[in-house]
Amino acid sequence: MKTHSSFYVGDRQKKMAGEPVNVNEFQELAREALPKMYYDYYAGGAEDQYTLKDNVEAFKRITIRPRILVDVSRIDMSTTVLGYNISAPIMIAPTGLHKLAHPEGEAATARAAAASKTIMILSTGSSCTMEEVASSCNTVRFFQLYVYKRRDLAAALVHRAEKNGYKALVLTVDVPRLGRREADIKNKMIAPRSKNLEGLLSIEVDSNSGSNLEAFCKATMDASLCWKDVEWLRSITNMPILIKGILTREDAIKAAEIGVAGIIVSNHGARQLDYSPATITVLEEVVHAVGGKIPVLFDGGVRRGTDVFKALALGAEAVLIGRPVVFGLAAKGEHGVKRVIQMLKDELELAMALSGCPSVKDITRSHLVSWRN
């Protein structure tokens, strides 16, 4: 295996000479560039990886119903999320350990988000501190939070996020325990500890039987987290709170009832419960359940601008992209992240034009054909 330092010199530059023409090609470049352990960490899902595949494949079962003879000489993709203007309904999802992909890590990703005029959600598990990311550029940032057994730790992270100008809190709720990620177990994945936890949490874990990430989560994650804890979280922050990890009508209704600012339909990139539904297949159910009371965002399997179009037609206000960002970062650094976002924007713009939708508010359920088998 290449060392972490040698990975970023001559061989990598030679491999990165070609310019991809779509987002999927960045994944192949990342596979070539990254050590196998790191690529498998980013790319892998839980157990049989059924949901991982279906997150992408499910989009192919939806077809678009275009309208013609509409003036599409000007296309406006801009929208707002929690009142913040973004250039297109495409945001950066929280994903961890970006320095395994590129030496500049989340700071480079944040700069790409700023250049793309969109919102980045920084992961608790980032390999740059939230302070480093905040000082790297001027852009709207949200902070994703895991709640650990030590609630004082969660409170400290929340207060730091507020102090450093993060505009919203994204509470991930689908990790009472870590999903079984068999590639990481086989590789005995050694994940560096999150920089955000330095000085706050020091737990030595035995990872002889698998990945150290799995052992760390088992020792620290709070499996008792429940709805009343959302109320506790609201009591310690003025930031709006979005809940990430909702897949059912019942949980969507509950989230709206307790007064969160929004929800994110997500199955954690298919890294938690295998054979849970592909997120695009439950998006409409969740949107109908909340009835417009709170915004619904979406992540999982977005690889094309037409995927973005379909999610918007089913009621999402914006989509989050995770793996494509990391693959772009691994392949071409900050430029790669910008290219990934721009490719999706260009494809969305074209899909809107060819479907007769001059603005995102014109994209409706009537632009989709019923699900195909």
Side-chain angles (χ1 to χ4, degrees), residues 22-24 26-27 29-31 34 38-46 49 51-56 58-59 81 86 88-102 105-106 108-110 112-113 116 118-128 133 141-146 170-175 178-179 181 183-184 191 194 213 242 244-247 264-273 276 278-280 283 297-305 307-308 311 316 318-331 336-341 343-345:
N22 61 56
V23 165
N24 289 316
F26 272 105
Q27 180 166 355
L29 290 179
R31 187 198 305 268
L34 290 170
Y38 297 164
Y39 175 79
D40 287 352
Y41 167 72
Y42 289 132
Q49 303 189 120
T51 300
L52 179 70
K53 299 179 183 72
D54 205 37
N55 266 358
V56 175
F59 277 104
V81 173
I86 53 178
I90 301 167
M91 299 165 54
I92 294 181
T95 51
L97 302 177
H98 286 200
K99 281 193 177 182
L100 297 184
H102 190 275
E106 288 82 3
T109 305
S116 304
T118 192
I119 295 169
M120 174 184 179
I121 305 174
L122 182 70
S123 171
T124 294
S126 62
S127 46
C128 295
V133 173
R141 293 172 301 276
F142 297 170
F143 183 72
Q144 176 270 329
L145 178 72
Y146 290 116
V170 175
L171 176 65
T172 296
V173 295
D174 55 7
V175 193
L178 194 71
R181 303 167 190 179
D184 291 348
S194 165
L213 181 63
L242 298 97
K244 179 176 181 287
I246 286 179
L247 294 172
I264 302 174
V265 174
S266 172
N267 55 28
H268 211 103
R271 293 161 74 82
Q272 284 298 101
L273 178 64
S276 62
T279 44
I280 195 64
L283 173 59
L297 307 181
F298 170 88
D299 83 2
V302 173
R303 300 294 185 270
R304 286 284 187 179
D307 297 341
V308 181
V319 305
L320 280 56
I321 53 172
R323 286 186 180 89
V325 165
V326 176
F327 294 147
L329 184 67
V337 179
K338 288 190 287 189
R339 286 295 299 135
V340 162
I341 297 171
M343 283 177 175
L344 292 174
K345 288 169 69 172

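The model shown is predicted, which means the values in this text are computed figures rather than measured ones.
The closest donor-acceptor contact from the side chain of R303 to the backbone of V56 lies at 3.5 Å or more, if one exists at all.
Between A58 and A278 the shortest heavy-atom distance is CB-CB, 3.7 Å. Nearest approach of T124 to S194, heavy atoms of both residues: O-OG, 2.5 Å. Nearest heavy atom pair, residue R323 against residue Y42, reads NE-O, 2.9 Å. Closest non-hydrogen pair, E106 versus K99, comes out as OE1-N, 4.5 Å. Considering all non-hydrogen atoms of both residues, T172 and Y146 come closest at CG2-CE2, 3.7 Å. Residue N22 comes nearest to N24 through the heavy atom pair OD1-N, 3.1 Å, listed as atom of the first residue, atom of the second, then distance.
Expressed to the nearest 0.5 Å, how far OG of S123 lies from CZ of F143 amounts to 7.5 Å. L100 CG to Y38 OH: the interatomic distance, rounded to the nearest 0.5 Å, is 5.0 Å. Considering CZ of R141 and CD1 of I119, their distance stands at 11.0 Å, rounded to 0.5 Å. The OG1 atom of T95 sits 9.5 Å away from atom CD of Q144, with the distance rounded to the nearest 0.5 Å. With rounding to the nearest 0.5 Å, the separation of OG1 in T109 from CE in M120 is 5.0 Å. Once rounded to the nearest 0.5 Å, the distance linking CG of L97 with OH of Y41 reads 4.0 Å.
Remark: of the listed residues V326, V325, V340, V337, V340 is the sole one forming a side-chain contact (heavy atoms from CB on, under 4.5 Å) with F26. For the side-chain hydrogen bond (donor to acceptor under 3.5 Å, both in side chains) criterion with N267, the lone passing option out of T279, D54, N55 is N55.
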Evaluation steps, side-chain contact (heavy atoms from CB on, under 4.5 Å), between L178 and Q272:
CA-CA 6 Å; L178 194 71; Q272 284 298 101; 3.9 Å; yes

Walk me through it: do I121 and K244 pass the test side-chain contact (heavy atoms from CB on, under 4.5 Å)?
CA-CA 11 Å; I121 305 174; K244 179 176 181 287; over 6 Å; no

Using the rule given for side-chain contact (heavy atoms from CB on, under 4.5 Å), can you reason through V23 versus F327, listing the C-alpha separation, both sets of side-chain angles and the distance that settles it, and then say yes or no?
CA-CA 9 Å; V23 165; F327 294 147; over 6 Å; no

Steps toward side-chain contact (heavy atoms from CB on, under 4.5 Å) verdict (I341, I321):
CA-CA 9 Å; I341 297 171; I321 53 172; 4.2 Å; yes

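Side-chain contact between P94 and L320 is present, with at least one heavy-atom pair separated by less than 4.5 Å. Side-chain contact check for D307 versus V319: every heavy-atom pair is 4.5 Å or farther apart.
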